[in-house]
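Here the structure is laid out as structure tokens; the discussion comes afterwards.
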Amino acid sequence: MGKFERIYHDLARDIDEGKYGVGDLLPSEKKLTEKYNVSRETARKALAILTDRGYIQRIMGKGSLVIDHKRYSIPVSSLVSYKEFAESASRDTQTELVELEDALLPHVPFQALSNGSVEQVPVTHIMRVRHMDGAPAIIDHDYIIKSVVPEISREVAEDSLYHYFEGELGLNIVSSAKQITIEQATPNDAKYLNLHAGEYVAVTTSITVLEDGTAFQYTISRHRTDKFRYLDFAHRRQEIPVSE
């Protein structure tokens with residue numbers, strides 16, 4: 001871990017644990033250089049990462065002000081669209097459409113969810129970057145089977161796929177198999193999520209199925225780990241008494 005990364009992690013931890021609350025000022029660059037025995041440039045780099053992550057706002061002549069830093073909670077057991085999730089979470093969100101293209105389904109990422117039976121069939125590939133509260137948070141790769149949904153317009157891709165699937169095409173979406181892994185960020189993650197070398201992303205992979213059992217949507221979502229939080233509700237199964 002580099003010196004600037006250590007400073008960043010120490011300050012991020014202090015904010016997360018409440019040592020510095022919203023509205024508090026972090027130690028100045030000068031105090032950080034003295035505490036960690038580093039150059040001013042190193043301290044400035046650590047504060048820049050905190051700014052990128054939404055922890056602080058740099059105010060000219062005042063310093064580094066701690067701002068409200070929220071993680072979004074992913075309801076893993078619920079099957080909701082990103083638009084529905086964003087509205088329920090009351091977040092300021094924006095979708096950036098990066099790619100909309102014809103492709104073949106990449107079978108390798110989905111093998112663990114399909115017992116290795118994924119075929120490279122024609123799909124529409126949609127890549128979108130989800131911005132939350134002004135910062136990039138998620139990269140979504142959706143692969144939609146063309147035999148089920150032949151065409152997807154740019155307008156639909158920029159809005160809500162589920163609204164189009166259910167409201168206009170009349171598809172009955174019933175379930176989705178999901179898995180979550182932690183992976184090292186790729187150059188593409190670094191580019192679109194403002195990450196640095198050595199950082200990690202939380203990856204959710206899912207296969208969504210229609211009422212008749214047809215798998216039609218394959219999704220890979222790559223989340224910044226500093227904003228991602230897994231949320232689920234577990235219920236203990238009640239044993240049914242056996243009568244004698």
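In what follows, residues are counted from 1 in the order of the sequence shown.
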>> For a side chain to side chain contact (heavy atoms under 4.5 Å, CB included) check, start with the C-alpha distance between Arg40 and Thr33, then their side-chain angles and the critical distance, and finish with the verdict.
In response: CA-CA 6 Å; Arg40 197 152 191 154; Thr33 61; 4.2 Å; yes
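- In terms of hydrophobic clustering, with Ile, Leu, Val, Met, Phe, Trp and Tyr side chains grouped at heavy-atom distances under 4.5 Å, Leu104 and Leu113 are assigned to different clusters.
- Taken from CG in Asn194 to CD1 in Ile49, the straight-line distance is 11.0 Å, to the nearest 0.5 Å.
- Across all non-hydrogen atoms, the minimal contact from Arg58 to Ser64 is NE-OG, 3.0 Å.
- Residues Tyr218 and Val123 have side chains not in contact (no heavy-atom distance under 4.5 Å, counting atoms from C-beta outward).
- A single hydrophobic cluster is seen to contain both Ile173 and Val156, as judged by linkage of ILVMFWY side chains at heavy-atom distances under 4.5 Å, directly or through other members.
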> Given Ile15 and Leu26, is the side chain to side chain contact (heavy atoms under 4.5 Å, CB included) satisfied, shown in steps?
Replying inline: CA-CA 9 Å; Ile15 294 172; Leu26 293 186; 4.3 Å; yes
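- In summary, of the residues considered (Val148, Ile207, Leu161, Val149), a side-chain contact (heavy atoms from CB on, under 4.5 Å) with Gln217 occurs for Leu161 alone.
- Using a 4.5 Å heavy-atom threshold, the side chains of Ile144 and Phe165 count as touching.
- Residues Leu100 and Leu169 are members of one and the same hydrophobic cluster, defined by side-chain heavy-atom contacts under 4.5 angstrom among Ile, Leu, Val, Met, Phe, Trp and Tyr.
- The shortest side-chain heavy-atom distance between Asn172 and Leu210 does not fall under the 4.5 Å cut-off.
- Between His125 and His141, the ring planes are parallel. Angles under 30° get that label, and only those over 60° would be called perpendicular.
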> Checking side chain to side chain donor-acceptor pair (under 3.5 Å) for the pair Glu183/Thr181: CA distance, chi angles, key distance, verdict?
Replying inline: CA-CA 6 Å; Glu183 302 176 10; Thr181 58; 3.1 Å; yes
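- Within 6.0 Å of CD in Glu119 there are 12 or fewer heavy atoms belonging to other residues, nucleotides or ligands.
- Taking a cutoff of 4.0 Å between a charged side-chain nitrogen and a carboxylate oxygen, Arg224 and Glu199 do not qualify as a salt bridge.
- Distance CG/Leu65 to OH/Tyr20: 13.0 Å, rounded to 0.5 Å.
- The shortest side-chain heavy-atom distance between Leu32 and Val38 does not fall under the 4.5 Å cut-off.
- Closest of all the heavy-atom pairs between Leu195 and Ala185 is CD1-CB, 3.8 Å.
- Both Tyr8 and Tyr36 are part of a single hydrophobic cluster, where members link through side-chain heavy atoms under 4.5 Å apart.
- A pairwise comparison of heavy atoms in Leu11 and Pro27 identifies CD2-CD, 4.4 Å as the closest pair.
- For Lys146, the side-chain hydrogen bond (donor to acceptor under 3.5 Å, both in side chains) partners at least two apart in sequence or on another chain are Asp102, Thr124.
- Asp16 has no carboxylate O lying under 4.0 Å from a charged side-chain N of Arg13, or vice versa, which leaves the two without a salt bridge.
- At a threshold of 4.5 Å between non-hydrogen side-chain atoms, the residues Thr214 and Ile145 do not count as touching.
- Taking the charged nitrogens against the carboxylate oxygens, Glu34 and Lys31 have no contact shorter than 4.0 Å, which rules out a salt bridge.
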>> With side chain to side chain contact (heavy atoms under 4.5 Å, CB included) as the criterion, how do Val66 and Tyr55 come out once you've worked through the C-alpha distance, each side chain's angles and the decisive distance to 0.1 Å?
In response: CA-CA 6 Å; Val66 176; Tyr55 279 96; over 6 Å; no
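- Atom CG in Asp14 sits 11.5 Å away from atom CG in Asp24 (nearest 0.5 Å).
- Linking ILVMFWY side-chain heavy atoms closer than 4.5 Å, directly or via other members, places Leu97 and Tyr164 in a single hydrophobic cluster.
- Taking CZ of Arg130 as the start and NE2 of His223 as the end, the distance is 10.0 Å to the nearest 0.5 Å.
- The CD1 atom of Ile180 sits 6.5 Å away from atom OG1 of Thr204, with the distance rounded to the nearest 0.5 Å.
- With hydrogens and angles ignored, the 3.5 Å screen pairs a side-chain donor or acceptor of Arg128 with a backbone N or O of Ala157.
- Heavy-atom neighbours of Glu168 CD from other residues, nucleotides or ligands within 6.0 Å: above the threshold of 12.
- Inspection of the Asn188 and Thr186 side chains reveals no N or O donor paired with an N or O acceptor under 3.5 Å.
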>> Show, in sequence, the C-alpha distance, side-chain angles and deciding distance for Val201 and Arg222, and conclude whether the side chain to side chain contact (heavy atoms under 4.5 Å, CB included) test is met.
In response: CA-CA 6 Å; Val201 293; Arg222 305 181 69 85; 3.6 Å; yes
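- Pro136 and Val129 make their closest contact through CB-CG1, 4.1 Å (heavy atoms, listed as atom of the first residue, atom of the second, distance).
- More than 12 heavy atoms of other residues, nucleotides or ligands sit less than 6.0 Å from atom CG of Asp212.
- Lys62 and Leu25 get closest at one heavy-atom pair: O-CD1, 3.9 Å.
- With rounding to the nearest 0.5 Å, the separation of OG in Ser175 from CD in Glu211 is 10.5 Å.
- Across all non-hydrogen atoms, the minimal contact from Glu29 to Leu47 is CG-CD1, 3.7 Å.
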